[in-house]
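Have a look at the structure below, then the notes.
Chain letters run A, B, ... following the sequence lines, proteins first, then strands; residues in each count from 1.
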Amino acid sequence: MSDELKNAAENCRAWPFEEAKSVLKRLNGKTPDKGYALFETGYGPSGLPHIGTFQEVARTTMVMNAFKQLSDIPTKLICFSDDMDGLRKVPPNVPNPEMLEKNLHKPLTKIPDPFETHESFAHHNNNRLIDFLDRFGFEYEFLSSTECYTSGRFDEALLKMLQNYEAIRQAVLPLLGEERKKTYSPFLPISPKSGKVLQVPILETSPEAGTIVFEDEDGEKTELPVTGGHVKAQWRPDWALRWYALDVDYEMAGVDLKSASEIAGNILKILGGKKPPGFHYELFLDENGEKISKSKGNGLTMEEWLTYAPHESLAHYVFQRPKSGKKLYFDVIPKAVDEYISFVNALASQEPDKQLQNPAWYIHNGTIPNSQHTPVSFALLLNLASAANADNAETLWGFIQKHKPDATPESAPFLDRLVGHAVKYYEDFVLPTKQYRLPDERERAAMEDLAARLDALPADAALDALQTEVFSAGKENGYAKEELREWFQALYQVLLGQDQGPRFGSFIELYGIKESITLIRDALDGKFAQAA
RNA sequence: GACCGCUUAGCUCAGCUGGUAGAGCAACUGACUUUUAAUCAGUAGGUCGAGGGUUCGAAUCCCUCAGCGGUCACCA
């Protein structure tokens with residue numbers, strides 16, 4: 001079986017395997033000197049982690065999982081935080097904006113935490129990243145740029161950059177506009193006086209001494225070593241520096257960074273390295289196929305997705321065709337959840353080559369825990385929730401067990417999570433659309449009668465009895481047999497605020513006899529119609 | 001301007017290395033239930049953006065064009 005899987009892996013054309021193969025090729029199938037194949041993702045800590053962060057780590061993990069199938073070379077995933085970057089503008093929705101304003105252009109690790117919970121702004125956001133990633137169970141190692149610079153880990157690479165200063169400058173220039181070309185430098189000195197990351201021309205370089213000379217903000221000519229965290233590399237060279245110093249073997253990036261990564265690759269070549277493989281994924285679009293922008297507030301946030309669906313479904317969504325632009329809006333969620341469920345349920349019975357076509361294989365690294373299986377689709381749950389007034393998990397579970405008597409929250413924990421999401425969906429999308437009305441005379445009489453009948457029943461009355469009482473209440477209060485449909489509709493409209501509903505006897509059984517009586521009396525008192 | 005993606009059923013999309021077009025929703029029909037919804041079974045629906053080329057054979061590969069969209073060119 002294992003051999004069969006390995007064979008299937010070698011022939012698999014799913015994108016994570018295509019990527020993994022390019023890593024294996026880069027390594028010539030051998031463990032590199034550092035002892036492992038290194039997969040990297042980048043993070044800018046001036047903002048909070050978002051769906052793009054998730055997507056990149058999830059997809060890189062999928063490549064890594066494929067790689068593990070192809071080779072016994074150890075692997076490592078590094079989430080690198082560019083936390084020595086200067087803060088360029090005050091982000092919105094952050095406390096203490098005046099304080100941040102005063103600290104503009106300083107490295108993020110040198111700026112106090114506006115939330116006043118961590119050592120610095122960067123530390124705060126780095127921790128948010130770590131919490132975020134841990135929440136999804138990613139296996140990775142966090143790495144801070146500031147630490148790499150100040151600890152000397154980047155020193156050798158920085159000196160090499162200095163030796164090749166002009167060539168690296170030339171590698172970047174073609175991409176820049178006229179204005180920027182004049183002052184561009186791959187090195188950004190950090191002013192010893194103000195602590196700011198300066199974007200200034202470099203006047204002299206001294207490869208022997210390992211220093212650069214520039215004019216500080218007050219006009220004073222200043223000489224600084226490029227090593228030890230006194231100087232930061234500008235963005236594109238910084239990327240190359242990291243690839244070189246850490247010996248990165250794989251990194252993907254968005255299409256927006258396409259030309260930048262090419263430049264960084266050229267710089268890496270100058271340093272004597274070889275650009276790590278990695279494709280450029282397309283960015284997410286909104287419902288109309290337009291760019292998602294925070295200012296417009298279109299598209300869908302990570303939080304929104306995770307409110308209405310489990311994170312596995314997002315991982316599944318993100319697996320699909322990373323190189324084409326995908327629309328990210330509410331309606332894709334239920335589909336993603338149900339596709340995920342079918343793939344999870346299918347995996348065990350699939351042949352190895354089919355397993356490797358199965359997104360769930362990548363999400364769970366080949367082995368799906370039993371707890372992930374669910375006998376009910378998410379679409380069904382959503383329908384059930386809205387049809388059955390399921391404003392809590394217990395009610396919804398009651399209806400589920402009508403269909404699947406064996407399922408319990410304990411035996412199907414993933415389904416239990418889905419139930420929670422379905423209830424949330426009900427609260428946010430179904431409940432607000434409910435329109436209760438008051439009953440007319442005949443309806444009122446029948447409902448009062450129904451309440452009284454229910455009251456007279458034992459607490460453990462059987463379903464048949466309940467259903468019979470509902471019919472009797474209708475029939476004996478002026479509804480002819482062919483009018484009974486109207487009686488039921490009245491129940492839904494008056495009691496549930498909708499035109500349709502579940503079989504009413506079952507509803508009472510699940511909702512509870514006492515609760516149903518209260519529901520009827522509240523409706524007759526006008527509590528619902530008034531509120532609406 | 002440079003580079004890229006998309007165009008397939010009413011809607012949203014899948015179709016991997018070429019072999020008589022698929023799914024979900026919507027629609028329609030039926031079954032079941034002392035109402036509906038749900039559920040289940042089934043039906044219908046497409047010159048695969050246009051034109052050309054390669055091939056015994058093209059939604060799939062190549063070229064041209066059109067429409068839509070994206071990214072970069074100021075900052076990272």
Can you measure [X] atom [atom1] to [N] atom [atom2] for me and round it to whole angstrom units?
X: A/Glu443; N: B/U35; atom1: CD; atom2: P; answer: 19 Å
X: A/Leu381; N: B/U39; atom1: CG; atom2: P; answer: 11 Å
X: A/His105; N: B/A76; atom1: NE2; atom2: P; answer: 11 Å
X: A/His280; N: B/G70; atom1: NE2; atom2: C1'; answer: 15 Å
X: A/Gln493; N: B/U35; atom1: CD; atom2: P; answer: 18 Å
X: A/Arg236; N: B/C74; atom1: CZ; atom2: C1'; answer: 11 Å
X: A/Tyr317; N: B/A14; atom1: OH; atom2: P; answer: 10 Å
X: A/Leu188; N: B/A76; atom1: CG; atom2: P; answer: 7 Å

Applying ring pair (Phe, Tyr, Trp, His ring centres under 6.0 Å), can you list everything that pairs with [X], at least two apart in sequence or on another chain?
X: A/Phe214; answer: none
X: A/His124; answer: A/Phe115, A/His118
X: A/Trp305; answer: A/Tyr317

Roughly how many Å apart are [M] and [N], using the [atom1] atom of each and rounding to a whole number?
N: B/A23; M: B/A44; atom1: C1'; result: 16 Å
N: B/U71; M: B/C11; atom1: C1'; result: 28 Å
N: B/U54; M: B/G1; atom1: C1'; result: 33 Å
N: B/A26; M: B/U17; atom1: C1'; result: 35 Å
N: B/U47; M: B/A9; atom1: C1'; result: 14 Å
N: B/C16; M: B/C62; atom1: P; result: 13 Å
N: B/A27; M: B/A37; atom1: P; result: 11 Å
N: B/C13; M: B/G46; atom1: C1'; result: 14 Å

Tell me whether A/Lys327 forms a cation-pi arrangement with A/Phe284, defined as NZ or CZ under 6.0 Å from the six-membered ring centre and within 45 degrees of its axis.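 No cation-pi geometry.
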
NZ or CZ of A/Arg59 within 45° of A/Phe319 ring axis and under 6.0 Å: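 Geometry flag: not set, cation outside 6.0 Å or 45°.
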
Can you list everything that forms a salt bridge (charged side-chain N to carboxylate O under 4.0 Å, His left out) with A/Glu10? Sequence neighbours excluded, please.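 None.
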
Between protein and nucleic acid, restricted to nucleotides 5-7 of chain B and to nitrogen or oxygen atoms under 3.5 Å apart, what atom pairs and distances do you find?
none

Tell me what [X] touches on the nucleic acid: a base, only sugar-phosphate, or nothing, going by heavy atoms under 4.0 Å.
X: A/Ser46; answer: nothing
X: A/Gln489; answer: nothing
X: A/Gln234; answer: sugar-phosphate
X: A/Leu491; answer: nothing

Could you work out, with side chain to side chain contact (heavy atoms under 4.5 Å, CB included) as the rule, every residue matching [X], not counting sequence neighbours?
X: A/Ala360; answer: A/Phe343, A/Val344, A/Asn358, A/Ile368
X: A/Ser120; answer: A/Thr109, A/Ala122, A/His123
X: A/Thr150; answer: A/Thr146

Counting heavy atoms from C-beta on, name the nucleotide in [options] closest to the side chain of [X].
X: A/Thr468; options: B/C75, B/C16, B/U34; value: B/U34
X: A/Trp235; options: B/U34, B/A76, B/C75; value: B/A76
X: A/Leu283; options: B/U71, B/U12, B/U34; value: B/U71
X: A/Tyr492; options: B/C75, B/U36, B/A76; value: B/U36
X: A/Tyr329; options: B/A76, B/U12, B/U35; value: B/U12
X: A/Phe471; options: B/C16, B/U34, B/C75; value: B/U34

Each nucleotide N or O in nucleotides 24-28 of chain B that has a protein N or O under 3.5 Å away: list the pair and distance.
none

Can the ring centroids of A/Phe17 and A/Phe67 be said to lie less than 6.0 angstrom from one another?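 No: the rings miss the under 6.0 Å criterion.
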
Between A/Asp256 and A/Lys475, which has a closest nucleotide on RNA chain B that is more 5'?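 The answer here is A/Lys475.
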
5' priority, RNA chain B, between A/Asp82 and A/Lys354 [closest heavy atom]: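 Result of the comparison: A/Lys354.
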
Sequence neighbours left out, what passes side chain to side chain donor-acceptor pair (under 3.5 Å) with A/Ser46? Give chain and number order.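 With neighbours one apart ignored, the set is empty.
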
What residues form a side chain to side chain donor-acceptor pair (under 3.5 Å) with A/His373, not counting sequence neighbours?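 Partners of A/His373 under the side chain to side chain donor-acceptor pair (under 3.5 Å) test: none.
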
Should the ring pair A/Trp243 and A/Trp239 be called parallel, tilted or perpendicular, given that the plane angle runs from 0 to 90° and is split at 30 and 60?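 Tilted.
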
Which stems, defined as runs of 3 or more consecutive Watson-Crick or G-U wobble pairs with both pairing distances under 3.5 Å, involve RNA chain B?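 Runs of three or more consecutive pairs: B:1-7 with B:66-72, B:10-13 with B:22-25, B:27-31 with B:39-43, B:49-53 with B:61-65.
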
With a 4.0 Å cut-off, would you call A/Glu262 and A/Arg236 a salt bridge?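 No, A/Glu262 and A/Arg236 are not salt-bridged.
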
Answer with yes or no whether A/Tyr479 presents, from its side chain, a donor or acceptor under 3.5 Å of a partner atom in the base of B/U35.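 No pair found.
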
